[in-house]
Amino acid sequence: MKRVVLVMLDGLRRDFVDAARTPRLAEFAGRAEWFTNYRTAFPSATRVVTATLVTGCHPARHTLQGNSMALLENGVLVPHDVGRPDFLPHKRSVTGYTLAVPTLAERLAPHGGVIVYNNVSPGAAYMHDPDGYGHVYHRAGSFAPGHVALDPLNVALDAAGDGAMTQQFIADVFGARQPVLSVLWLGEPDHIQHNAPLGSPEHLAVLDEADRNAGLVIDAVDRRRAGGDDILLIVGSDHGHETVSGVVDIESEMIAAGIKASADSNDMIAVSSGNASLIYLHPDAESQRDRLADFLASQPWAGQVIDAANLATVGQAPHNRLAFAVSLKADALENEFGVPGRSLAAKPRWDKPDRLGCGQHGGLARFEQSPTLMMEGPGFAPGATREEPAHVTDLAPSIMRYLGIVAAGMDGSFLQRALRPSP
Ligand SMILES: [Zn+2]
């Protein structure tokens with residue numbers, strides 16, 4: 001039986017994969033196909049990227065707009081933290097659906113099913129399968145098909161927790177159960193990168209453990225292949241990171257400029273996805289749209305400002321009265337450990353503020369948009385480098401292509417090529 005194994009190291013920048021810092025991943029890059037121009041969703045934040053990966057569609061189609069987003073509820077713009085476990089049921093009650101297009105869990109349920117082990121936020125974990133077609137294992141609660149509750153994963157969000165989860169994953173998906181798609185989503189190195197400078201000794205120590213956890217899965221796949229299994233192995237990440245060079249409270253700036261009425265006014269709201277912000281405009285404040293555009297265009301903290309007419313260029317749409325998307329100002333300067341790429345971050349509404357000098361992501365800057373992708377299996381040239389653009393929306397079509405299942409209605413395209421047989 002054909003099977004797919006997907007291993008994601010949350011937040012792993014492509015330029016951190018090398019023989020010194022990630023020896024197992026570097027070794028795998030040498031035998032898989034390595035993608036040098038792989039980009040991710042916007043905002044480049046885990047919950048959005050997860051929805052984009054599992055649907056093969058941009059946020060404009062699946063409707064999960066950011067790590068935070070607003071919904072228009074009874075005429076009121078209500079900001080939401082998408083990471084909360086109750087967000088998706090709430091979104092379903094407001095909009096009529098969780099994600100607007102089917103997930104891999106739904107598409108593959110009749111073909112052998114999907115099992116996900118995930119150690120990031122509950123909102124991101126449940127984004128894999130919001131309507132309960134497969135198995136999702138998470139420390140906040142695990143679920144079987146039909147949303148039947150199972151014991152939560154007993155792991156912490158750190159490298160040791162990732163290690164324990166990796167062991168369980170291998171015993172489960174290569175043991176009695178043989179799902180057609182197995183997903184292991186490690187919380188590291190993203191977690192440490194938010195809490196220590198990129199390239200610091202603390203970061204590199206955790207990165208080494210993440211590398212070893214990925215190596216355990218690569219070894220397990222090799223053993224199964226030696227036993228005759230036909231496996232497509234994908235190892236990658238959802239986004240990269242930039243060093244936080246400053247934190248901007250966008251709503252306060254809007255109020256100070258006289259654009260937004262007050263902190264709790266409902267005329268317009270800005271919600272953070274790390275280095276990006278989504279700005280929603282209430283229908284009654286439509287007359288303020290041009291002023292808001294002028295304000296955003298003149299701010300020193302605004303990198304790219306995308307207005308409603310151009311949201312499609314970044315995979316977004318003006319759902320829920322989304323009026324502007326902003327990628328905050330970034331530069332290529334190095335941090336104290338010689339790691340290039342810095343960005344301003346948008347102050348979050350609920351989480352603790354970003355730590356200056358540590359990592360963050362969410363925007364369109366170079367390194368947050370340079371995640372890792374390696375693919376090994378039919379249609380991918382061993383040891384080759386693929387320089388043509390690839391996008392996270394291409395993963396689901398590639399998985400379906402490998403399994404020989406029609407994947408209608410996805411935005412992305414499969415990445416396999418007809419390879420000449422070796423002589
Ligand atoms: Zn993160």
Side-chain angles (χ1 to χ4, degrees), residues 8-13 39-53 59 64-70 79-84 87 120-124 127 157 185 187-198 203 237-253 269-280 296 299 301-306 314-316 322 324-331 335 339 341-371 392:
M8 296 293 272
L9 293 92
D10 201 294
L12 176 64
R13 273 170 57 147
R39 285 178 68 86
T40 191
F42 174 74
S44 48
T46 300
R47 299 155 205 166
V48 188
V49 177
T50 301
T52 305
L53 191 163
L64 199 286
Q65 293 175 304
N67 262 15
S68 304
M69 61 180 283
H80 288 282
D81 175 2
V82 170
R84 289 175 54 95
F87 172 73
V120 296
S121 75
M127 203 66 69
L157 171 47
W185 198 297
E188 300 289 5
D190 182 78
H191 171 251
I192 187 67
Q193 288 170 182
H194 285 286
N195 293 289
L198 301 175
H203 171 216
S237 64
D238 52 341
H239 55 72
H241 268 246
E242 306 277 338
T243 295
V244 178
S245 56
V247 179
V248 182
D249 184 342
I250 292 181
E251 285 201 336
S252 293
E253 302 266 333
I269 63 171
V271 292
S272 166
S273 285
N275 299 341
S277 179
L278 301 180
I279 299 170
Y280 296 80
L296 292 172
Q299 296 311 303
W301 42 262
Q304 291 189 55
V305 179
I306 301 109
V314 290
Q316 291 278 353
L322 177 62
F324 296 91
V326 179
S327 180
L328 275 78
K329 184 80 112 193
D331 62 46
N335 75 356
V339 176
R342 309 185 315 164
S343 178
L344 296 170
K347 184 169 179 286
R349 201 176 272 261
W350 298 280
D351 300 328
K352 51 186 188 298
D354 295 298
R355 295 177 64 171
L356 275 177
C358 297
Q360 182 55 288
H361 52 92
L364 293 166
R366 176 175 167 195
F367 293 100
E368 58 198 346
Q369 281 288 339
S370 296
V392 65

Could you report the tightest heavy-atom contact between [X] and [Y], atom names first, then the distance?
X      : Y      : answer
Ser273 : Pro43  : CB-CB, 3.6 Å
Leu198 : Asn335 : O-ND2, 2.9 Å
Ala196 : Cys358 : N-SG, 3.5 Å
Ala270 : Ile250 : CB-CG2, 3.9 Å

Q | Contacts of Phe87 that satisfy ring-ring contact (aromatic ring centres under 6.0 Å, His included) - sequence neighbours left out | A | His80

Nearest 0.5 angstrom please: [X] [atom1] to [Y] [atom2], how far?
X      : Y      : atom1 : atom2 : answer
Leu9   : Trp185 : CG    : CH2   : 10.5 Å
Arg13  : His239 : CZ    : NE2   : 12.5 Å
His203 : His194 : NE2   : NE2   : 11.0 Å
Leu64  : Thr50  : CG    : OG1   : 9.0 Å

Can you tell me if [X] uses its side chain to pair, donor with acceptor, with the backbone of [Y] under 3.5 Å?
X      : Y      : answer
Ser245 : Ser343 : yes
Gln369 : Thr40  : yes
Arg47  : Asn67  : yes
Ser68  : Ser272 : yes
Gln304 : Ser327 : no
Ser237 : Pro371 : no
Gln316 : Phe42  : yes
Ser121 : Ala124 : yes
Asp10  : Thr46  : no

Are any of the side-chain heavy atoms of [X] and [Y] separated by less than 4.5 Å?
X      : Y      : answer
Arg84  : Trp350 : no
Val339 : His241 : no
Thr243 : Phe367 : no
Pro189 : Leu12  : yes
Ile279 : Leu296 : yes
Leu53  : Met8   : yes

Looking at residues at least two apart in the chain, or sitting in another chain, which of them share a salt bridge (Lys or Arg N to Asp or Glu O under 4.0 Å) with [X]?
X      : value
Asp249 : none
Glu251 : Arg349
Arg355 : none

Q) Do Asp190 and His361 have side-chain atoms, one donor and one acceptor, less than 3.5 Å apart? A) yes

(Q) Quiz question: by atom type and distance under 3.5 Å, do the side chains of Asn275 and Glu242 form a donor-acceptor pair? (A)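 Note: Asn275 and Glu242 side chains miss the donor-acceptor criterion.
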
**Q.** Sequence-distant partners of Thr52, side chain to side chain donor-acceptor pair (under 3.5 Å), two or more places apart
**A.** His62

Q: Mind checking side chain to side chain donor-acceptor pair (under 3.5 Å) for Asp331 and listing every partner two or more places apart, or none if nothing turns up?
A: Arg342

